[in-house]
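For reference, positions follow the sequence shown, starting with 1.
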Amino acid sequence: MSRRARLWLVALGGAGLAALLVAACLDLPSFGGARHPYGYRAVRAALARHTANTVASVNFDLRAFDTLGEMSILFASVLGCAVLLRQARDEHRAAPRPAQVARPVRRYALVVLPVAVVTGLYVIAHGQLSPGGGFQGGVVTATALHVLYLGADYRALERVRPLGLYEAGDALAASTYVVTGLAGVLAGTAFLANTLLPYGTFNTLSSAGTVPLLNAAIGMEVSCAVVVLLAGFLDQAVEIVEEPANGQGRGKG
């Protein structure tokens, strides 16, 4: 494609997007009003389905299909990075050098690691009750594992990060989200409709119907996806080198 054709494509796409944004803004409710029609409907729907966190109700009930799109974007992005960062034919893996870490840093990392992991899991599990949820908790859980890289070395991180399991977990979580939506269709309702499970008691872990299930699927998908994504970049920075396979080079630590 020529440069001129690319510019025309960008211009047409930008003009279309701008027109849609202007049309959406013109149809918004007046600024500064005491009542908001969308907010009122969202809160009412959350209370009707016993979901204490209205944001979780919007993400995994009212707009569960949009959340599927967001999850798919992350899944496709990680897949693309894994393909681009895969080991090439002229590259090989070299064992990284053991890192020299100060004792206070090592001790702090060993204390923070389990606390951070538990915090991430807590945020995921209580997503329908309090601020947070699968997206936030998944990022916290995934990044918490990398405290081991800062407090020890890369080989220690690799021992708690078997990429095959995380790749399978990413695919399984994404499939769980889709299968939950299809189960609603088989039950005679709409795709991802919150009608499969009882709504339970308000403000408890078992409340909100399918919201906790979808939230947990997102948490697992995000945590596994972030681990796989960071592994691709860290492998390139630490282990993968462009020397011949019989060379004497070692990883960068």
Does the side-chain contact (heavy atoms from CB on, under 4.5 Å) test come out yes or no for Ile124 and Val222, once each step is laid out?
CA-CA 11 Å; Ile124 295 174; Val222 170; over 6 Å; no

Between Ile218 and Thr67, does the side-chain contact (heavy atoms from CB on, under 4.5 Å) criterion hold? Intermediate values first, please.
CA-CA 9 Å; Ile218 288 294; Thr67 302; 4.0 Å; yes

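There is no path of hydrophobic side-chain contacts, each under 4.5 Å, that joins Leu150 to Val112. Taken together through direct or relayed side-chain contacts under 4.5 Å among Ile, Leu, Val, Met, Phe, Trp and Tyr, Val185 and Leu214 form part of one hydrophobic cluster. If you chain together hydrophobic residues whose side chains sit under 4.5 Å apart, Leu121 and Val211 fall into the same group. Note on Val228 and Leu85: same hydrophobic cluster, where clusters join Ile, Leu, Val, Met, Phe, Trp and Tyr whose side-chain heavy atoms are under 4.5 Å apart, directly or indirectly. No chain of hydrophobic side-chain contacts below 4.5 Å, direct or via other Ile, Leu, Val, Met, Phe, Trp or Tyr residues, connects Val160 to Met220.
The distance from the CG atom of Leu17 to the CG atom of Leu12 is 12.5 Å, given to the nearest 0.5 Å. Note that CG of Leu148 is 10.5 Å distant from CZ of Arg161, once rounded to the nearest 0.5 Å. Interatomic distance, CG of Asp170 versus CG of Leu165, reported as 12.5 Å (0.5 Å rounding). Between Leu157 atom CG and Leu230 atom CG the span is 9.0 Å, to the nearest 0.5 Å. A distance of 6.5 Å separates CG in Leu145 from CG in Leu113, rounded to the nearest 0.5 Å. Annotation: the span from Glu70 atom CD to Glu221 atom CD amounts to 11.5 Å, rounded to 0.5 Å.
Remark: Phe65 CZ is loosely packed, at most 12 non-hydrogen atoms of other residues, nucleotides or ligands lying under 6.0 Å away.
Between the side chain of Thr54 and the backbone N or O of Ala46, no donor-acceptor pair lies under 3.5 Å. A distance-only check finds a donor-acceptor pair linking the side chain of Ser2 to the backbone of Ala5 [under 3.5 Å].
Within the 4.5 Å cutoff, the side chain of Tyr166 has no heavy atoms near those of the Val226 side chain.
Residue Ala42 comes nearest to Leu62 through the heavy atom pair CA-CD1, 3.8 Å, listed as atom of the first residue, atom of the second, then distance. Between Asn53 and Gly127, the closest heavy-atom pair is ND2-O, 2.9 Å. The shortest non-hydrogen separation linking His146 to Ala142 is ND1-O, 2.9 Å. Heavy-atom minimum distance, Ala109 versus Gly151: CB-CA, 3.5 Å. The nearest pair of heavy atoms linking Gln128 to Ala56 is CA-CB, 3.9 Å. Ser223 and Thr141 make their closest contact through CB-CB, 4.4 Å (heavy atoms, listed as atom of the first residue, atom of the second, distance).
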Check residues 195-206 and write down every donor-acceptor pair under 3.5 Å in which the side-chain atom is one partner and the other belongs to a residue at least two apart or another chain.
residue : atom : partner : partner atom : Å
Thr195  : OG1  : Thr189  : OG1          : 3.2
Tyr199  : OH   : Asn194  : O            : 2.8
Thr204  : OG1  : Thr201  : O            : 2.6

Under 3.5 Å, side-chain donor or acceptor atoms of residues 177-184 against the rest of the protein: list the pairs with distances, not counting sequence neighbours.
residue : atom : partner : partner atom : Å
Tyr177  : OH   : Ala64   : O            : 2.7
Thr180  : OG1  : Thr176  : O            : 2.7

Listed pairs under 3.5 Å, donor-acceptor, residues 71-81 side chains, sequence neighbours left out:
residue : atom : partner : partner atom : Å
Ser72   : OG   : Leu68   : O            : 2.8
Ser77   : OG   : Ile73   : O            : 2.7

What side-chain donor-acceptor pairs closer than 3.5 Å can you find for residues 133-140, not counting sequence neighbours?
none

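In this structure, Arg107 has no side-chain hydrogen bond (donor to acceptor under 3.5 Å, both in side chains) partners at least two apart in sequence or on a different chain.
For residues 45-57, every residue pair satisfying the salt bridge (Lys or Arg N to Asp or Glu O under 4.0 Å) rule, not counting sequence neighbours, is listed here: Arg49-Asp61.
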